[in-house]
Amino acid sequence: MTIEFRDVTKRYPDGTVAVDGLSLTVEDGTITVFVGPSGCGKTTSLRMINRMVEPTSGAVLLDGKDVADGDPALLRRGIGYVIQHAGLFPHRTVLDNIATVPLLSGWDKRKARTRAGELLETVGLPTELGKRYPAQLSGGQQQRVGVARALAADSPVLLMDEPFSAVDPIVREGLQDELLRLQSQLGKTIVFVTHDIDEAVRLGDKVAVMRVGGKLAQYGTPSDVLRH
Ligand code: ADP
Ligand code: ADP
């Protein structure tokens, strides 16, 4: 799926302009990384794709269709979403966390859990971890579960907001490798947010550098961006 930001601006009710006139197209099957300092509008940009935030003006289009047309809850169910600290539901087992979206979509429990078990393997975790609760996992394992939960949406689009920022550097590298490996198999359209330029360059097919005030400062391949 392509994701197009068409002259998108977000001004929050308090007057803060978080994103200012953003136009770019995330091509199908690629990873685009939004990078820049804290407060430059990365998360806001990401959240306008799944309508957790609505633009003040402009539009976000998925395969040419304005995301504003239609039911936001349905839209979200069809878009994988991974956040920092995984955002797992603490009172659900790992398996039931991963099964969340299939269950919401009406799958029966058994089928949803079977699928969740497969996804645990996909992200490199042993199936025994499925019975545990999130607090019984390491930070890196929790992030893997977060990725598995997002993959369960079985959607062409994956939104990742600082998914690896809270884990230590060695684990982070493993997670980055894993994401690249997965992506080479799955070919999703991924929008990834980070404040870490090294991570952006490592993961991005395209890198969008934002600056405080919400303007796009640079956009291109990692080598384009590094040259400037
Ligand atoms: P980043 O992800 O790059 O850190 P954000 O998109 O979170 O940036 O925030 C961009 C700007 O918008 C910041 O100045 C932030 O304080 C502000 N902001 C974010 N969310 C809200 C909100 N709900 N209300 C008001 N201002 C907000
Ligand atoms: P519960 O059913 O336990 O109340 P929700 O489905 O309301 O859980 O999700 C809880 C939080 O998880 C929400 O605040 C939302 O930010 C986040 N979330 C989970 N899945 C998605 C998704 N696909 N898109 C956006 N946010 C999501």
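Remember, it's 1-based here, ligands and their atoms both numbered in the order they're listed.
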Tell me the contacting part of Pro13 for ligand 1: side chain, backbone, both, or neither, using a 4.0 Å heavy-atom threshold, strictly below. neither
Applying a 4.0 Å heavy-atom criterion (strictly less than), which segment of Asp14 is in contact with ligand 1: side chain, backbone, both, or neither? side chain
Output, in order, the C-alpha distance, side-chain angles, deciding distance and verdict of side chain to side chain contact (heavy atoms under 4.5 Å, CB included) for Lys188 and Leu151. CA-CA 10 Å; Lys188 304 235 177 218; Leu151 292 175; 3.8 Å; yes
Top protein contact for atom 26 (N) of ligand 1, by heavy-atom distance: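 Answer for atom 26 (N) of ligand 1: Tyr12 CD1, 3.4 Å.
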Among all protein heavy atoms, pick the one closest to atom 8 (O) of ligand 1 and tell me residue, atom and distance. Gly41 N, 3.1 Å
Ligand-residue contact atoms, ligand 1 with [X], heavy atoms, under 4.0 Å:
{"X": "Pro37", "value": "3 (O)"}
{"X": "Gly39", "value": "1 (P), 3 (O), 4 (O), 8 (O), 10 (C), 11 (C), 13 (C), 14 (O)"}
{"X": "Ser38", "value": "4 (O)"}
{"X": "Thr16", "value": "12 (O), 14 (O), 17 (C)"}
{"X": "Cys40", "value": "1 (P), 3 (O), 8 (O)"}

With a 4.0 Å cut-off on heavy atoms, does Gly36 reach ligand 1?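 Outside the 4.0 Å threshold, so no.
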Can you tell whether the side chains of Arg202 and Asp177 come within less than 4.0 Å, N to carboxylate O?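 Salt bridge between Arg202 and Asp177, a charged N being under 4.0 Å from a carboxylate O: yes.
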I'd like to know if Asp20 and Arg11 make a salt bridge, using a cut-off of under 4.0 Å between side-chain N and carboxylate O.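 Result for this pair is no, no salt bridge flagged.
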Note: Met160 and Val147 closest approach over all heavy atoms is CE-CG2, 4.0 Å
Between Ile190 and Val26, what is the shortest heavy-atom contact and its length?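 Result for this residue pair: O-CG1, 4.4 Å.
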Are any of the N/O atoms on Ala18, whether in the backbone or the side chain, positioned under 3.5 angstrom from an N/O atom of ligand 1?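 No; every N/O pair is 3.5 Å or more apart.
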Please indicate, with yes or no, if any protein heavy atom is found under 4.0 Å from atom 18 (N) of ligand 1?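 Under 4.0 Å from atom 18 (N) of ligand 1, at least one protein heavy atom found.
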Using a distance threshold of 4.0 Å (strictly less than), state whether atom 15 (C) of ligand 1 has a protein heavy-atom neighbour. no
How far apart are the C-alpha atoms of Gln141 and Val94, what are their side-chain angles, what is the distance that settles it, and do they pass the side chain to side chain contact (heavy atoms under 4.5 Å, CB included) test? CA-CA 10 Å; Gln141 288 172 332; Val94 163; over 6 Å; no
Heavy-atom proximity to atom 9 (O) of ligand 1 ranks first, among Val193, Thr44, Thr43, for Thr44
For Asp196 and Thr194, which I'm curious about, is there any donor-acceptor pair between the side chains at under 3.5 Å?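 Short answer, no.
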Less than 4.5 Å apart, side chain to side chain, heavy atoms only: is that true for Phe164 and Glu178? no
Pair Lys131, Glu128 - check salt bridge (Lys or Arg N to Asp or Glu O under 4.0 Å), show working. CA-CA 6 Å; Lys131 293 191 289 277; Glu128 305 88 76; over 6 Å; no
